[in-house]
Amino acid sequence: MLKSFKKTRFYRPFIWLKRGIIALVSLWLVGIVFFKFLPVPFSAVMVERQVSAWLSGDFGYVAHSDWVPMNEISSPMALAVMAGEDQKFPEHWGFDVGAIQAALTHNEDEDANIRGASTLSQQTAKNLFLWDGRSWLRKGLEAGLTVGIETVWGKKRILTVYLNIVEFGDGIFGVEEAAQHFFHKPASRLTPSQAALLAAVLPNPHLFKVNAPSAYVLRRQKWILRQMSQLGGDSFLTEHSLR
């Protein structure tokens, strides 16, 4: 049976597919290990944005990020992304089961806007290693990679990488680039209000603008500031060894 399969025209493509999958998984594993210690030079989403811009003829677009360690990122910025995106980040193992269940229930309503439930860990895994968009294949790969970074990196490293690769606007990736572009200062000097404004656009930085905030973004900024205070401010970061 095996010999007859080898003689078919489908055998060689099957072998190449198998080798491709093994190579890709190996690349991801190496990336997870290396990026536990090394700065991340670029992410898959950054590459995707850059290639899309070139293909559309926008040769002036540059997806750029300046890596900074956690001690060069202001405490309010680290707190703001958790307050706005994933308040259970220090406690969960990569997935917020309660949020997932709530999102599934909400999304059953055909008239409802689609609600996501991705944690900071899932967003980091997706942004760093995968493509943008929605599909069951991508979500499955994202889940496996999330387990990998949670196991190897730990929470502080995940938060550091997230803050350095997250997209804040067209071509603007990472908090250092965003701080310099929007506020003309380093990420280490971001105020709570500025940090909350940056976090407020994260659901969709192409629709919501830091430099031209809508009424919704300003309401979300105020909500994030309240959540930052309720979480406990700097003591929340210290308690969970995130600084």
Side-chain angles (χ1 to χ4, degrees), residues 65-100 102-103 115-124 126-127 149-150 153-169 172-205 207-243:
S65 171
D66 287 324
W67 176 272
V68 285
M70 182 60 79
N71 61 8
E72 294 182 23
I73 300 173
S74 73
S75 295
M77 189 68 243
L79 190 63
V81 294
M82 285 186 286
E85 296 288 296
D86 184 5
Q87 296 189 15
K88 295 182 180 179
F89 174 70
E91 305 165 8
H92 62 61
W93 45 279
F95 309 93
D96 187 340
V97 177
I100 292 172
R115 176 188 295 173
S118 292
T119 62
L120 293 183
S121 303
Q122 290 173 272
Q123 292 179 46
T124 302
K126 186 267 290 184
N127 289 344
I149 64 173
E150 280 278 346
W153 291 1
K155 295 295 186 179
K156 183 176 179 180
R157 183 62 180 179
I158 292 172
L159 184 59
T160 302
V161 173
Y162 174 85
L163 287 167
N164 275 282
I165 66 174
V166 65
E167 187 176 17
F168 289 101
I172 303 167
F173 292 84
V175 293
E176 181 66 19
E177 179 71 11
Q180 295 286 356
H181 181 85
F182 294 117
F183 304 114
H184 310 292
K185 61 170 62 176
S188 60
R189 292 175 50 207
L190 286 170
T191 66
S193 178
Q194 291 167 342
L197 180 57
L198 288 173
V201 305
L202 289 182
N204 191 336
L207 176 63
F208 306 127
K209 306 296 182 182
V210 175
N211 54 351
S214 63
Y216 168 79
V217 170
L218 293 175
R219 288 196 302 271
R220 182 167 164 78
Q221 177 194 27
K222 292 179 180 178
W223 178 82
I224 290 173
L225 283 168
R226 291 195 300 271
Q227 297 304 304
M228 290 165 65
S229 177
Q230 291 177 15
L231 285 175
D234 286 355
S235 62
F236 180 81
L237 300 174
T238 304
E239 177 186 351
H240 297 287
S241 303
L242 294 172
R243 294 298 295 175

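Source: prediction; values computed, not measured. Here, residue 1 is the first one in the sequence, and each next residue gets the next number.
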Value rounded to 0.5 Å, distance of NZ in Lys209 from CG in Leu207:
8.0 Å
Using modelled atom types only, decide if a donor and an acceptor are shared between the side chain of Asn164 and the backbone of Val68 within a distance under 3.5 Å.
yes
Evaluate the side-chain proximity of Arg220 to Pro203: yes if any heavy-atom separation is below 4.5 Å, no if none is.
yes
Would you say Trp153 and Thr160 make side-chain contact, with heavy atoms under 4.5 Å?
no
At what distance, to the nearest 0.5 angstrom, does CZ of Arg219 lie from CD1 of Ile224?
13.0 Å
What's the shortest heavy-atom distance between Pro213 and Leu197, and which atoms?
CB-CD1, 4.1 Å
Looking only at heavy atoms, what is the nearest atom pair of Asp234 and Ser75, with distance?
OD1-CB, 3.1 Å
Are the side chain of Gln180 and the backbone N or O of Glu177 linked by a donor-acceptor pair below 3.5 Å?
no
What distance separates Ser193 OG from Leu225 CG, expressed to the nearest 0.5 Å?
6.0 Å
Donor-acceptor pair, Arg243 side chain versus Met70 backbone, under 3.5 Å?
yes
Any heavy-atom pair between the side chains of Val161 and Trp67 that's under 4.5 Å?
yes
Any side-chain heavy atom of Lys155 within less than 4.5 Å of one from Glu150?
yes
Does any non-hydrogen side-chain atom of Met82 lie less than 4.5 Å from one of Phe236?
yes
Heavy-atom closest contact (Leu120 atom, Ile158 atom, distance):
O-CG2, 4.4 Å
Say whether, by atom type as modelled, one donor and one acceptor occur between the side chain of Glu176 and the main chain of Ala187 under 3.5 angstrom.
yes
Is the side chain of Ser74 donor-acceptor paired with the backbone N or O of Leu190 at a distance under 3.5 Å, no angle test?
yes
Between Lys126 and Glu167 (salt bridge meaning N to carboxylate O under 4.0 Å), is one present in this structure?
no
Heavy atoms only: give me the nearest Gly232-Ser235 pair and the separation to one decimal.
O-OG, 2.5 Å
One should read off an interatomic distance between Arg157 CZ and Thr124 OG1, to the nearest 0.5 angstrom, of 11.0 Å
Counting only heavy atoms from other residues, nucleotides and ligands, does the tally under 6.0 Å from NZ of Lys185 exceed 12?
yes
Closest approach of Met228 to Pro76 (non-hydrogen atoms, all atoms of both residues)
CE-O, 3.5 Å
Does any non-hydrogen side-chain atom of Gln227 lie less than 4.5 Å from one of Leu79?
no
Test side-chain hydrogen bond (donor to acceptor under 3.5 Å, both in side chains) on His92 and Asp86 and set out the steps.
CA-CA 10 Å; His92 62 61; Asp86 184 5; 2.8 Å; yes
Rounding to 0.5 Å, atoms CG (Leu231) and CD (Glu239) come to a distance of 10.0 Å
Checking Phe208 now: which residues fulfil ring-ring contact (aromatic ring centres under 6.0 Å, His included) with it, not counting sequence neighbours?
Tyr216
Quick one: does Gln87's side chain have a donor or acceptor within less than 3.5 Å of a partner on Ala83's backbone?
yes
Mind listing the closest non-hydrogen atom pair of Pro186 and Ala179 along with its distance?
C-CB, 3.9 Å
Is any side-chain heavy atom of Phe183 closer than 4.5 Å to a side-chain heavy atom of Thr191?
no
Reported OG1-to-OH distance for the pair Thr119 and Tyr162, which is rounded to 0.5 angstrom
10.0 Å
Flag side-chain contact, heavy atom, 4.5 Å: Phe182 against Ile172
yes
